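A short worksheet on the structure shown next.
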Amino acid sequence: MLETKFNPQDAEQRLYKMWEESGAFKPRAAKPGDTKDDNFSIVIPPPNVTGSLHMGHAVNNTIQDILVRYNRMRGKAVLWQPGTDHAGIATQMVVERRLAAEGKARKDMTREEFLEHVWAWKAESGGNINQQLRRLGSSCDWSREKFTLGNPEDPSDKMAEAVTKAFVEMYEAGLIYRDKRLVNWDPHFQTAISDLEVENIEKDGHFWHFKYPLEGGETYTYVEKDEDGNITLSEERDYISIATTRPETMLGDGAVAVHPDDERYKSIVGKMVRLPLANRLIPIITDEYPDMDFGSGAVKITGAHDFNDYEVAKRNDIPMYSLMDERGAMCESEIMPAKYIGMDRFKARKAVVADIDAEGFLIKVEDKKIMQPYGDRSGVVIEPMLTDQWFVAADKLASDAMEAVARGHNNVPLPKEKGNKFKGSTRFIPENWKKTYDHWMKDIQPWCISRQLWWGHRIPAYFIPEVLDDGSLSYESIDLTIVVAENDAAAKAKAQNFYSERGFDKRVKILVDLQECEALENYDAANEVGIYRDPDVLDTWFSSGLWPFSTLGWPASTEELERFYPTSVLVTAFDIIFFWVARMMMQGLHFQGEVPFKDVYIHALVLDEAGKKMSKSIGNTLDPLDLIDGVTIDELVAKRTRGLKNPEKAPKIEKMTRKQYPDGFEAYGADALRFTLASMAGQGRNIRLSVDRIAGYRNFGTKLWSAANFGQMNSCVPAAFDPAAAKLALNKWIISETAKTTKEVTRCIESYRFNDAADAAYKFVWDTFCNWYLEMSKPVLSGADGAEKDETRAAFAWTLDQILKLLHPFMPFITEELWNNIAESREDMLIISQWPDLSDSLMDEAASKDIEWVQTLITNLRSVRADMNIPPSKKAPLLVLADTLDPRLTTYADVLSPMARVDSVKLTDLVPKGALQTVVDGVTYAIPLDGLIDKGAETARLTKEADKAQAEIDKIDKKLSNPAFTDKAPEKVVNLQKERRAAYVAELEKLNEALANLG
RNA sequence: GGGCGGUUAGCUCAGCUGGUAGAGCAUCUCGUUUACACCGAGAGGGUCAGCGGUUCGAACCCGUUACCGCCCACCA
């Protein structure tokens with residue numbers, strides 16, 4: 001006998017431990033006949049190592065686990081590769097914040113000291129998210145867990161080596177280079193960031209118009225014309241008018257540019273203007289870039305602080321002056337007026353405007369909406385800065401990455417001979433994300449991969465410093481970069497060739513391994529020997545891009561790499577298509593010559609119930625663990641308001657939370673949460689998580705549990721059973737329905753339609769199995785012993801077993817618990833049992849027709865009784881207006897009795913006055929309840945039914961009388977309409993009779 | 001400016017290949033018949049955003065408008 005309910009808190013951790021200890025999460029051993037298709041692999045999108053589980057992780061991992069458990073049950077060798085990401089900026093930020101709370105700053109410590117703090121923080125919090133993923137039921141192979149920075153304690157861990165090798169090889173292939181370019185600089189973190197880490201936000205700003213006076217008191221006639229060429233303004237000017245949203249950058253102007261066709265300025269092109277405040281002469285030049293119709297048509301060119309200006313300056317050989325230091329303060333340089341040095345850029349802006357105004361060069365200030373770039377992590381305004389950085393020539397990798405997702409019709413991979421040079425290709429699901437991916441790939445920009453941080457893969461590049469005249473060392477020189485990772489002669493020779501071919505300086509020394517590099521880090525100036533390692537680290541996404549193969553052991557050639565690359569599917573949300581999916585594609589193709597995954601399933605983002613993105617600062621986050629384990633409203637409020645950036649928001653958040661969830665959450669368990677996420681993982685763009693719905697699916701689990709309990713009470717014990725040999729129509733029918741549902745659930749999982757799979761299983765369990773089969777089996781199960789009872793017990797148990805299997809990927813815990821509790825013993829745990837593979841021959845049309853007929857009769861009888869408010873306690877005979885009694889009425893008399901409140905079945909040739917009547921398959925059934933029914937109401941009910949039938953008939957007649965329809969529509973459709981019409985006509989006839997009988 | 005998506009029951013959303021508009025929650029009525037009240041039975045509720053087109057037939061295909069959301073780029 002089972003407990004009355006499933007207790008997730010008691011069972012989940014016990015079951016998880018049982019699975020994990022049994023080795024069920026590890027891929028099964030390779031079998032002799034295995035092909036690639038017998039392997040199934042997923043690499044987890046590595047969560048931030050020090051992060052904690054949020055709803056995005058929950059939906060992402062639920063979907064992966066469904067696929068993993070399903071494929072495991074199909075008998076495949078399944079690897080779900082787990083691990084975490086070091087998350088450079090995010091983690092360094094957290095650790096710096098924690099240090100700040102202790103009054104310590106990164107700058108006060110050495111790199112080594114700081115990194116010790118980060119590793120300590122990783123040790124403290126790093127296991128957190130993996131424990132949480134376990135609570136969700138994720139069946140990853142934890143024995144293979146990886147970390148993007150590698151494990152310094154484990155010499156066999158190749159994660160760090162993979163990054164070095166990737167960097168070196170790409171460098172040698174000309175795919176990585178070092179350059180002085182304008183990059184996005186984050187003044188808060190004091191590092192370069194990539195384009196993708198910049199968020200453009202529209203803000204209220206100003207548009208300042210300045211006069212730049214012509215040198216030597218020169219003047220010109222400034223003429224403006226309207227569209228028809230009429231002169232609207234003509235005046236003598238001794239200045240050119242420019243406008244800017246960033247006045248402080250004018251200190252670094254190198255020129256003023258006008259369009260070559262701009263008539264207004266033709267006479268002064270080539271002349272010099274004296275830059276106010278800076279008191280420098282800069283030329284007026286022409287370039288295609290200025291838009292004649294915008295502003296004054298003249299643009300100040302600040303090459304070192306604006307991406308467009310940078311291009312103009314490069315084209316025209318205009319000097320670029322860097323104005324700011326790494327914190328965004330105006331820095332000392334030959335062109336910087338003393339008064340601004342050290343001034344923050346925003347203070348400098350005000351000062352410059354005031355000073356220009358004071359000199360009489362301010363024309364006007366307009367209000368203007370401007371798009372301003374912000375660092376996505378720091379939230380501060382990004383400053384374009386001219387710095388030395390490492391770049392990946394992404395454009396060279398993009399064409400292959402685009403080709404790999406280019407698909408023929410119906411997603412059929414392009415045959416190799418038709419120009420697809422890769423083995424296999426990648427399909428996006430839903431397909432439309434391919435467009436997003438292509439669009440970005442097409443316009444791809446160089447990818448800045450160096451970060452001025454400490455936490456990350458330090459760039460494996462060594463510089464030989466120059467000795468300056470005063471004897472000090474300069475590390476600026478970049479032409480002596482040497483990177484070699486492997487201790488083998490062939491690589492050494494290759495590297496040597498590479499450098500000599502390019503005519504590098506003879507001081508170049510080839511270093512064959514990192515240890516040798518490290519040994520030489522002290523520069524010996526006297527002998528010009530020594531090196532200096534680039535202090536920067538790589539963008540986190542550089543190592544994430546290697547994840548699908550680095551986790552499998554690359555650069556070593558491992559069995560796992562052979563078996564599980566390319567991976568079967570990548571499951572992720574659309575917000576990291578560019579960051580991650582695209583980079584994995586480029587790096588996977590480059591290093592493996594194969595796509596990293598066959599399918600990319602893009603799932604929705606989880607939003608709150610109001611459709612807002614969950615965010616800690618809004619206070620609308622839901623912690624998956626709270627929904628699994630339950631939380632009181634006070635705890636929930638405390639969680640949401642703790643550590644807010646703006647503590648003044650706390651009362652608002654508290655009020656909102658208490659209103660939304662006055663009672664907090666019950667412990668719904670992981671299964672309910674998973675089922676909810678699966679059923680909402682439609683192919684739309686977002687999921688609004690509804691707590692009511694989670695409660696609903698918790699109820700579903702209880703329903704299943706209770707049905708199993710019923711089976712126990714009636715000795716429905718799993719045993720050897722051949723579904724094809726069933727005799728009773730009821731059993732044939734449920735077997736048939738099981739086969740149909742299995743087919744549907746399988747099809748839906750295979751095509752990533754998780755919501756449809758979940759719905760199909762849900763409906764089958766609740767409606768078909770519990771509400772119909774279970775009720776209809778009661779007379780047999782509680783009746784006399786014999787073959788029918790035995791068969792029904794076995795069929796019940798068999799069906800329940802199939803249900804547990806179908807539901808297991810979605811609700812692993814409750815199904816595993818039932819699997820083990822309802823049987824004396826099982827050969828295998830459910831997690832490694834065989835997925836049902838039921839023959840179509842089990843689908844029995846005749847049995848289904850009979851049972852459906854009984855169901856219709858019961859439903860109609862219930863409906864008419866309910867309409868007339870007849871209490872269920874009031875049983876009545878069923879009168880059949882026919883010549884002979886349908887044998888099914890006898891067969892199912894025991895079912896009709898409790899379910900339709902029928903106490904006997906009799907033939908009649910006359911419906912008594914005041915009886916309820918209903919029509920099924922053209923036969924009228926009556927329930928004599930004279931005195932209990934309201935004749936008027938019954939007339940109204942029958943009339944309504946008759947009207948409905950008439951309306952349908954009219955609709956069909958309209959179609960059938962249209963020759964265009966009968967001629968052009970397929971015969972099947974026309975016949976269907978004819979059949980429907982006949983059925984309605986028969987029903988209408990009987991309804992009219994029934995009305996007549998009422999009198 | 002370019003692109004992608006959305007608009008279906010009170011709410012949240014399904015609706016695959018064009019062929020009788022669906023689910024959950026909520027609402028209303030009845031009910032404790034020995035699996036389950038985290039339950040059962042029944043009911044009500046829709047101009048599928050608007051307009052136009054294709055088609056025998058459109059929630060679905062095409063065009064267009066409106067509103068909402070997201071992504072990318074950007075005029076200094």
Side-chain angles (χ1 to χ4, degrees), chain A residues 2 4-5 195 200 207 242-246 249 257 289-291 293-302 306-309 312 368 370-371 430 432-433 435-436 439-440 443 574-575 577-578 605 609 611 613 666 668 672 676 679-680 682-690 692-693 695-714 747-748 751 753 755-756 759 762-763 770-771 774-775 778 782 858-859 862-867 869-873 875 897-901 952 955-956 959 962-970 972-974 976-977 980:
Chain A
L2 301 169
T4 52
K5 278 177 193 174
D195 299 348
N200 291 302
F207 203 35
I242 60 95
T244 180
T245 56
R246 305 199 42 205
T249 64
Y289 164 64
D291 176 352
D293 299 325
F294 185 81
S296 66
V299 185
K300 62 191 267 307
I301 300 300
T302 320
D306 181 280
F307 287 95
N308 289 308
D309 292 6
V312 176
K368 186 172 159 49
I370 52 168
M371 286 298 257
N432 57 292
W433 289 110
K435 281 189 191 171
T436 307
H439 187 251
W440 185 72
D443 295 325
F574 63 80
D575 55 346
I577 289 179
F578 305 146
L605 291 181
E609 283 170 81
K613 204 168 170 173
E666 292 173 53
Y668 298 116
T676 308
S679 73
M680 298 185 90
Q683 310 207 344
R685 287 205 169 200
N686 36 46
I687 294 175
R688 292 200 200 183
L689 191 70
S690 144
D692 282 345
R693 199 140 167 185
Y697 289 124
R698 183 270 320 265
N699 296 352
F700 175 61
T702 306
K703 185 79 182 172
L704 175 68
W705 186 269
S706 152
N709 197 28
F710 172 85
Q712 293 289 289
M713 289 161 66
N714 286 282
R747 185 183 74 97
C748 290
S751 52
R753 307 182 63 87
N755 57 325
D756 290 333
D759 284 353
Y762 180 96
K763 266 185 206 143
C770 290
N771 289 353
L774 191 149
E775 291 299 333
K778 278 179 182 174
S782 61
I858 291 171
T859 304
R862 281 169 168 173
S863 176
V864 294
R865 290 178 59 111
D867 271 359
N869 278 331
I870 311 298
S873 54
K875 284 202 167 191
S897 167
M899 295 183 77
R901 318 307 294 157
E952 286 296 329
K955 230 161 97 180
I956 296 166
K959 275 190 184 177
N962 179 358
F965 174 74
T966 45
D967 292 351
K968 292 192 184 175
K972 217 174 106 187
V973 173
V974 177
L976 185 76
Q977 294 300 325
R980 285 185 60 218

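Predicted model only: the values in this text are computed from it and were never measured. Below, read A as the first sequence line, B as the second, and so on, with proteins coming before strands; counting in each chain starts at 1.
Relative to the side chain of A:Thr245, the nucleotides B:rA35, B:rC70, B:rA76 differ in distance, and B:rA76 lies closest. Side-chain atoms of A:Arg688 lie closest to B:rC13 of the nucleotides B:rC56, B:rG24, B:rC13. Relative to the side chain of A:Asp867, the nucleotides B:rG42, B:rG24, B:rC56 differ in distance, and B:rG42 lies closest. Considering only side-chain atoms of A:Lys778, the nucleotide from B:rA41, B:rA35, B:rA43 that sits closest is B:rA35.
The CG-P distance, from A:Leu689 to B:rC25, rounds to 16 Å in whole Å. Computed from coordinates, the A:Asn755 CG to B:rG15 C1' distance equals 10 Å when rounded to whole Å.
Applying the 3.5 Å distance criterion, the base of B:rC25 shares no donor-acceptor pair with the side chain of A:Arg693. Evaluation of atom-type donor-acceptor distances gives no pair under 3.5 Å for the side chain of A:Arg862 against the base of B:rC30. Counting atom types as modelled, A:Glu775 pairs a side-chain N or O with a base atom of B:rA35 as donor and acceptor under 3.5 Å.
B:rA35 makes up no base pair with any nucleotide shown, lacking Watson-Crick or G-U wobble contacts both under 3.5 Å. Across all strands shown, B:rG22 pairs with B:rC13; the Watson-Crick or G-U wobble distances both stay below 3.5 Å.
For the pair A:Arg753 and B:rC16, the criterion of a side-chain N or O lying under 4.0 Å from OP1 or OP2 is not met.
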